[in-house]
Structure formats: structure tokens, C-alpha cells
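Reading through the C-alpha cells given below for one structure.
Small disclaimer: the values here were computed from a predicted structure and weren't measured. Below, chain A is the first sequence line, B the second, and so on; all start at residue 1.
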Number of protein chains: 2
Amino acid sequence: MREFKRKSRVLLIDDNADHLRGVKELITLESSYEVVSTTTSANVGINLIKKYRPDIVLMDINMPEKDGLQAIQEIEKLNLGVRIIALSAYDDADLIFRAMKIGAKGYVLKTMASAQLIYAMDEVASGKIYLPTALTSRFFEYFQNSFKNEAEISTEENLLTYLTSREEEVLDLLTQGNNYKGIASKLFISETTVKTHVNNIFQKLQVNDRTQAVLYALNNGFANRRRAKLAL
Amino acid sequence: MREFKRKSRVLLIDDNADHLRGVKELITLESSYEVVSTTTSANVGINLIKKYRPDIVLMDINMPEKDGLQAIQEIEKLNLGVRIIALSAYDDADLIFRAMKIGAKGYVLKTMASAQLIYAMDEVASGKIYLPTALTSRFFEYFQNSFKNEAEISTEENLLTYLTSREEEVLDLLTQGNNYKGIASKLFISETTVKTHVNNIFQKLQVNDRTQAVLYALNNGFANRRRAKLAL
DNA sequence: AGTGTTCTAAATCTTTAGATTGATAAATTC
DNA sequence: GAATTTATCAATCTAAAGATTTAGAACACT
């Protein structure tokens, strides 16, 4: 199935020396991979990555010395295009979720058959992101659960719907940290008009001041939450 | 492989009558499923679900009349324990992400082999969440991309680290919409002390007023964002 | 033509917010 | 033990925010 290509260069990080040796032998048997280096230390591993620039990193995330997830995060920040597959002893949903969130391209259990690891490496080497089916199911349970609260919020009456489009504009500028003067100059209207709008917004959102209005807006899905940056 | 059990009751919603008929015949061939009802209308479908209480719903999400995703959301709100599999013509990452986010237990392309649909139904019927491997990869690309911004933010210097623990307490109360008086009474200190703290917070966060301070806090991971609710 | 909504604006007034300076006591650090 | 940091509080002052009322112009609805 797999074609002949340049061998993918693999780096192994695992504090368990025995497991490390086993995985190395396993991969060495595969014609399409070569192990460029191995280490039992996450910190050393990061330096080896800078040196060898491997295609794939197999990272044990259950290490006492340094948290493997933290190591993944640091490697991702380097932006070297290294594809990391997390190796773990646990099929814990939270661990899987966090690993994928910070950019791991795969997550394989140590207890899984070696063929599973090779398959994951094949997929990741070809640019895909791969999770074994059983872990995918776990991931999605966690994922969907984390959105349940949001869904419940959205069922409540959203007072934001009562705002006029002009009031929305004003509120948008409020959520960027503007004062009356700033809003007035940005909308080319007088400061007193802004005050009128803001007071109407307070009435409609049933709040007492601008901070509460901004919090209500952010908590109830006003615009894109990530767009609400400070305009200083 | 599959054991003999009570047949899973399936309801089909698809505005394409031809496709609807085809899927119905396909499922009827399977000994472990029975189609309890079908409809070409999402709105009718929601009522049929209330009436028949199926185990599984196959929902076409590419419908002109009513958005299938919206329909899924409404069904999920009913909390009937109905497991929904989204059927779509498109392997669009955003569509997949949104469907899974709102609680779909699976997502299958109409172009996929019928065996794929049956397999997805088997998995979902047994309580799992199932996405075909190819779609899982798409999903994760989208998923990881949506976290990239957050990762970049966290690399910037976080001015919140300069706050003392007392200042953090005060800021926490600010992010709940309290004024000076409210903070003073909650911390059992005088209003002037609160003013001092707040002014120090402004200095450290390099902002001009409380709204900007609150926005800075929320945008830079102060506490749990979801905990920042209004205390009115 | 009339009703209602929205956007605009001003005037006035009260309250809150924010800046600044100075001071004390306790805890921490060096 | 001196210096620094932290938490507390007061007084004062200016600026900003917020409440309230009134009102004209534009527009939509019917």
C-alpha cells in the first residue's frame, strides 16, 4: 500500500528506557522510517529536535520530570513543522483533548498493537491528523460536553436581540474599551447622543453600568468573542 | 459480529425524496434496524421525533427550507436521548465541526459507501460517537486551527502576573461587574482601599478604566472565562 | 395622515470613577 | 535590622459616567 519514498525521520522521547528501546526496534524494522535520535528527557528532546529537525516526534506524555504536554506546546511554538504523536499509557479524555488542542497530530496508547502505531505514523507522515477510533469517541464525548453549558446559555432569552443596529454598534465599541468621547468620534455623532444610546442599552440589557453591559455582551455571544480585543 | 438485540428504531429526515427512499431501503435490509418514520421536512421531523421517540435520527443537514444544524440543535434541546447522525453532501470542515459541536453523534457523507453508514449506525447505536477517519482528520485540522490564536496570545507577556493576590481578588470582583461599594463590602475593606487597589491594577495592566481592565483580564486567561458571570 | 421606531441632540443634575498625595502597620526580603 | 512589598485607609479634586427629560428629523408601517 505504501509507496517508496524518502524515509521519514523519527525522534523518540520516552523516559522509560525499556519502552524507548522497544519502540526504536519496532520502527527500525519499517523500511519507510529511520530513527534519527532517542532520549529519555523532554528537555534534551527539545534540543535534539532543533538539531535534527525530524519529520515525526513520538512523545511520551506521562513523564515525571517534565510534563509531556508542556513539551509539546514548547515544540509547537518553535514552528519547525515537526509532527508530534503523543504516546500515553492512559486513554483519559482530558489528556487526549489537551494533547490535540495544543497541536499533537496523533495520540496512541502504549498498550495498543504496534501496527496501530505504525499506521498512525503513516497517516501523520502523509500530513493527516490521526486518532484511533476508540480514542476519537472519547475525545468527542469530552468535546461535546464542554459545549453543553454554552448551549444552555443560548436557550435563555437573549436581551441582545432587543438592541437596534445602532445600539449594537455602540455596544461593540464599548466592548473594545472605548469611553463616550471615543465612541462619539468613531461614529461621527455627538457625545450626548452616545450617552443616550448607552443608557438605552443599559435599560435593554438590564444592567447598571458599562462594565456590566460589556460582560453581558461577551457572555451572551455578542459578535465574535475573539474579536473583542482592547483598542488602546 | 453484531449480536441479536432489540431492533434500533430509526427516523429519516431528508428533503431529497429519492435519497430518502434509497436510505430507507438500505436500512430495511439490515436486521438490526427498523425505520419508524421518514419525512422530507425538518419541522415535521421534530414533531415525529416527539411522537416516535426513535433511537437514531439520520438528518440531512443540506436542506433549503430549514437548516439541518439548527434542527439538530432544537432536537438536542429536547433532551430525549435521541442520537443524531448528520448526513451531508459536503466534507466541509466547518460543517463537520459545527455538527459535532451541537451534539451530533456522527457525520456521514452521502457519497460514502452504504456499509459506512451502517457501521456508523452500529457505533452510535452502541453509545459511541463516530466519525469516518477521513472526516476526523478534517475535523482536527479545523479544531487545532481554532486554538492557534489562543496559543499565540499566551506567548505574549501577561501583565496579569504582576498583580498581587489581593489585586487579583479585586480584579475578579471587577470582572463580575461590581462597583467600588460592592467590592468594598465583599472584601470587608473600605471603599478608598478598593480605589487604591483598582488604581494599582490599572497601572500594572496599562489600562485607563475598569472596562479595559476587565477586557484585558478576560482576553488573557484570567481565571476561568466561563466563571466570569454577572453578579447583578 | 397618523402611529411608532430609530437616530440624533441638548440641558441638567447626581453619582461614580479615577488621579494624586500621604500615611500606617504588617509581612517579607536581603 | 534596614529596605521593600503589600494591604490598609483618608482627603481632595477633576473628570467621566449615568439618569432624566425633552425634542426634532427620518423612516417604516398600514
Out of curiosity, B:Glu191 CD to B:Ile183 CD1, how far, rounded to the nearest 0.5 Å? 9.5 Å
Report, as yes or no, whether the 6.0 Å neighbourhood of atom NZ on A:Lys24 holds more than 12 heavy atoms from other residues, nucleotides or ligands. no
Are the aromatic rings of B:Phe140 and A:Phe139 close, with centres under 6.0 Å apart? yes
Candidate list B:Ile129, B:Val57, B:Val124, test side chain to side chain contact (heavy atoms under 4.5 Å, CB included), partner B:Ile85, passing option: B:Val124
Select from A:Phe202 and A:Lys181 the residue whose nearest nucleotide in DNA chain D is closer to the 5' end of that strand. A:Lys181
Residues in side chain to side chain donor-acceptor pair (under 3.5 Å) contact with B:Tyr162, at least two apart in sequence or another chain: B:Glu157
Hey, does A:Asn199 reach any base, or is it just sugar-phosphate, or nothing, if we go heavy atoms under 4.0 Å? base
For A:Lys204, check side chain to side chain donor-acceptor pair (under 3.5 Å) against everything at least two apart and list the hits. A:Glu167
Here the gap from A:Leu58 atom CG to A:His19 atom NE2, rounded to the nearest 0.5 Å, amounts to 9.5 Å
Heavy-atom distance under 4.5 Å between the side chains of A:Asn179 and A:Arg210, does that happen here? yes
Need the bend value for the helix from C:dA1-D:dT30 to C:dC30-D:dG1: angle between end axes, 5 pairs each end, nearest 10°. 60°
First and last nucleotide of DNA chain D in contact with chain B, 5' to 3', at under 4.0 Å to a heavy atom: what are they? D:dT6 to D:dA10
Atom pairs under 3.5 Å, N or O on each side, protein against nucleotides 6-10 of chain C: can you list them with distances?
unit_1, atom_1, unit_2, atom_2, d
C:dC7, OP1, A:Ser165, OG, 3.4
C:dC7, OP1, A:Arg166, N, 3.1
C:dC7, OP2, A:Thr164, OG1, 2.3
C:dT8, OP1, A:Arg166, NE, 3.1
C:dT8, OP1, A:Arg166, NH2, 2.5
C:dT8, OP2, A:Arg166, NE, 2.7
C:dT8, OP2, A:His197, NE2, 2.9
C:dA9, OP2, A:Ser190, N, 2.7
C:dA9, OP2, A:Thr193, OG1, 3.0
C:dA9, O5', A:Thr193, OG1, 3.3

Inter- and intrachain pairs under side-chain hydrogen bond (donor to acceptor under 3.5 Å, both in side chains), touching residues 83-102 of chain A, at least two apart: A:Asn62-A:Ser88, A:Ser88-A:Tyr107, A:Asp94-A:Arg98, A:Asp94-A:Tyr142
What class does the angle between the rings of A:Phe143 and A:Phe147 fall in, given that below 30° is parallel, 30 to 60° is tilted and above 60° is perpendicular? perpendicular
